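Chain letters run A, B, ... following the sequence lines, proteins first and then strands; every chain starts at 1. Just so we're clear, the structure is a prediction, and the values are computed from it rather than from any experiment.
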Number of protein chains: 2
Amino acid sequence: MTAAVPDGPDADLSKADLVHRRLKEEIELGELAPGTPLSELSLVERTGASRTPVREALRRLAAEGLVDLVPRQGARVSRVSLQSVRDLFDFRGLLEPAAIRQATEAAGADPELRRAFSSMRGEFVRIQRRAPSQARSRAFYELADRFDWAVIGATRNEHLRRTIAELRPHTARLRNLSHVDPQRVDVSVAEHLVICDAVLGGDADEAARRTAEHLAQSVATIFRNLASGPGAGLDLN
Amino acid sequence: MTAAVPDGPDADLSKADLVHRRLKEEIELGELAPGTPLSELSLVERTGASRTPVREALRRLAAEGLVDLVPRQGARVSRVSLQSVRDLFDFRGLLEPAAIRQATEAAGADPELRRAFSSMRGEFVRIQRRAPSQARSRAFYELADRFDWAVIGATRNEHLRRTIAELRPHTARLRNLSHVDPQRVDVSVAEHLVICDAVLGGDADEAARRTAEHLAQSVATIFRNLASGPGAGLDLN
DNA sequence: GTATGCGATACTGTATACATCAACGAGTAC
DNA sequence: GTACTCGTTGATGTATACAGTATCGCATAC
């Protein structure tokens, strides 16, 4: 339940911002399943805001590809197809190696950034040593998220930075809609470690190559899992 | 002057769409210079629409990076800095070679698409043979535009396609804000011809390489021109 | 039983009134 | 002369009323 106090920590955020953020989170977490209709009036009831900010939030989500908007018909949570997963990861495979390259160069010139990557490397090692468990998986994904954001933050090119940031909710949603393979965590931790080493070693090419490999492995795992047990709320077409 | 008839060819487009398109064109053409304030009320007067569609158009333009939106302060046409030009072309250099690769593969399987590229190749040759003139330059840019849209249309990956399409207004604006170098047209025509040949020959790698080269040449020319004569309405910082 | 037409319903698209806030300038105290 | 306060102005943020339209169910004709 969101606090209804007039002066929360988000006092300077507009209602449109709040509605946008809330819906984005719910879509990311899979609480709003793909295909769910989102009529403006129902959102007015659910959020307490009026139609104007709700409308703006929906348009923004549509621009990010999280919502499909049909003129004079309404909005639905966007669907996830096998093709869209392929497209997403192919595109990330194009962008993220370039981003990690920029991040590697930035780390070479910025001791603080290097410290941050070094610190995350230590955390990956600690996670690697833990026994498999739900908590460990959660800790890993939380850390992997921080790692990704660090890379995004170190990406100089604004277009590249914004585009990658915009893809993140799609990836996160996919993870939350499909089953997580505990086996995958071990491999993924190892992949992140190798990338960390390349970044800290200043080897941009190596970092880029390993990032591309990591993405290829990720999408392969996802497709394997989808083939065995169909994830909840995914259209398989 | 836009027709004011109630049932034009755009009868099914919403006013928000119309305002958005109109402003986008004016920004692209440089009629609205970078930094121009765009208050909602002034746009209401200019466009005849009410604040709601105007607002939506502004938000959309902001999402596309053509307008800067400061909360509780207003909107301005986004500024163009040297860094933003570098970022734009670096990013295009990442995306467009990948797109032309997909287009080349698509052309290999689609005779009609191949015919389209072949036809445009012929037009490039005809332009090459003309004597330099304003009209020739205009014809070239119009054709180059069609060529780019053909590539975009042949790009399978939806993320890639949409992202490239979103960058086009930025490139167009740059061209319209800076002086066009007639010398450049000859070189650029030749570069397009080489790319056409690679596409028609089914050599995706070659097409990608030539596209990257073409972009590098383009940005180099732009910087040279900016260094000599500062283009109208550009912030040089 | 099936298909077609009509009407009720609920939604989006638009306009506009109101609330709130930042920027600017006049006036005054010092 | 300078700095500060306060009121004015015009902008955005929000709420809501109204208009137009797609959709769905039901009745009716065949």
Side-chain angles (χ1 to χ4, degrees), chain A residues 2-24 27 32 35-79, chain B residues 2-24 27 32 35-79:
Chain A
T2 316
V5 289
D7 302 278
D10 311 324
D12 56 339
L13 269 70
S14 73
K15 295 209 177 188
D17 290 329
L18 294 173
V19 173
H20 170 75
R21 194 177 62 183
R22 173 170 165 184
L23 287 179
K24 190 159 136 186
I27 294 174
L32 287 172
T36 305
L38 296 175
S39 90
E40 295 178 0
L41 220 60
S42 70
L43 292 176
V44 164
E45 288 178 17
R46 275 189 44 195
T47 63
S50 79
R51 269 190 69 203
T52 307
V54 163
R55 227 181 127 72
E56 185 177 323
L58 281 178
R59 307 316 251 244
R60 240 187 277 176
L61 291 168
E64 297 166 12
L66 292 172
V67 153
D68 289 334
L69 218 51
V70 183
R72 278 179 220 86
Q73 189 165 347
R76 307 178 88 85
V77 178
S78 70
R79 301 191 178 269
Chain B
T2 316
V5 288
D7 303 278
D10 313 322
D12 57 340
L13 269 69
S14 72
K15 297 208 175 184
D17 290 329
L18 294 172
V19 173
H20 169 76
R21 193 177 63 183
R22 173 169 165 186
L23 287 178
K24 189 158 136 185
I27 293 174
L32 287 172
T36 306
L38 296 175
S39 90
E40 295 178 359
L41 220 60
S42 69
L43 292 176
V44 164
E45 289 178 15
R46 275 190 42 196
T47 63
S50 77
R51 268 191 70 202
T52 307
V54 163
R55 225 180 128 72
E56 184 175 324
L58 281 178
R59 306 316 250 243
R60 239 188 278 177
L61 291 168
E64 296 167 11
L66 292 173
V67 153
D68 288 334
L69 218 51
V70 182
R72 279 180 216 87
Q73 191 166 346
R76 309 176 88 85
V77 179
S78 70
R79 302 189 177 271

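A:Glu64 and A:Arg60 are not joined by a salt bridge, as no carboxylate oxygen comes within less than 4.0 angstrom of a charged side-chain nitrogen.
Rounded to whole angstrom, the span from the NZ atom of A:Lys15 across to the C1' atom of C:dT20 amounts to 12 Å. Taking atom CZ on B:Arg72 and atom P on C:dA19, their separation rounds to 17 Å, with Å as the unit. A straight line from CZ of B:Arg76 to P of D:dA11 spans 12 Å, rounded to a whole angstrom. In this structure, B:Arg60 atom CZ and C:dG13 atom C1' are separated by 12 Å, rounded to whole Å. Between the CD atom of A:Glu56 and the C1' atom of D:dT14 there is a distance of 11 Å, given to the nearest Å. In this structure, CG of A:Leu13 is placed 13 Å from C1' of D:dG13, rounded to the nearest angstrom.
Rounded to the nearest 0.5 Å, atoms CG (A:Leu58) and CG (A:Leu66) are 11.5 Å apart. Taking CZ from B:Arg59 and CG from B:Leu69, the interatomic distance works out to 4.5 Å, rounded to the nearest 0.5 Å. From B:Glu45, atom CD reaches atom OG of B:Ser39 across 8.0 Å, with rounding to the nearest 0.5 Å. Rounding to the nearest 0.5 Å places NZ of B:Lys24 at 14.5 Å from CG of B:Leu32.
Sorted by residue number, the list of members of residues 36-47 of chain A with any non-hydrogen atom under 4.0 Å from DNA chain D is empty.
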Quiz prompt | Worked verdict on B:Leu38 versus B:Leu61 for side chain to side chain contact (heavy atoms under 4.5 Å, CB included) | solution = CA-CA 11 Å; B:Leu38 296 175; B:Leu61 291 168; 5.6 Å; no

Practice problem: Step by step, work out the side chain to side chain contact (heavy atoms under 4.5 Å, CB included) result for B:Thr36 and B:Ile27. | Solution: CA-CA 10 Å; B:Thr36 306; B:Ile27 293 174; over 6 Å; no

Practice problem: Show your reasoning for whether side chain to side chain contact (heavy atoms under 4.5 Å, CB included) applies to A:Leu43 and A:Val19. | Solution: CA-CA 9 Å; A:Leu43 292 176; A:Val19 173; 5.8 Å; no

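Across all non-hydrogen atoms, the minimal contact from A:Asp68 to A:Ser78 is OD2-CA, 3.6 Å. Shortest non-hydrogen contact noted between A:Val44 and A:Ser50 is CG2-C, 3.8 Å. The two residues A:Arg22 and A:Thr47 make their nearest non-hydrogen contact at NH1-CA, 3.9 Å.
In terms of position along DNA chain D, the nucleotide closest to A:Ala49 lies nearer the 5' end than the nucleotide closest to the other residue of the pair A:Pro71 and A:Ala49.
The shortest distance between the side-chain N/O atoms of A:Gln73 and the OP1/OP2 oxygens of D:dT23 is below 4.0 Å.
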Please write out each protein N/O paired with an N/O of nucleotides 16-20 of chain D under 3.5 Å, distance rounded to 0.1 Å.
residue	atom	partner	partner atom	Å
D:dT16	O4	A:Thr52	OG1	3.4

Self-check item: Pairing annotation in dot-bracket form, given for DNA chain C with Watson-Crick or G-U pairs under 3.5 Å and | for cross-strand partners
Solution: ||||||||||||||||||||||||||||||

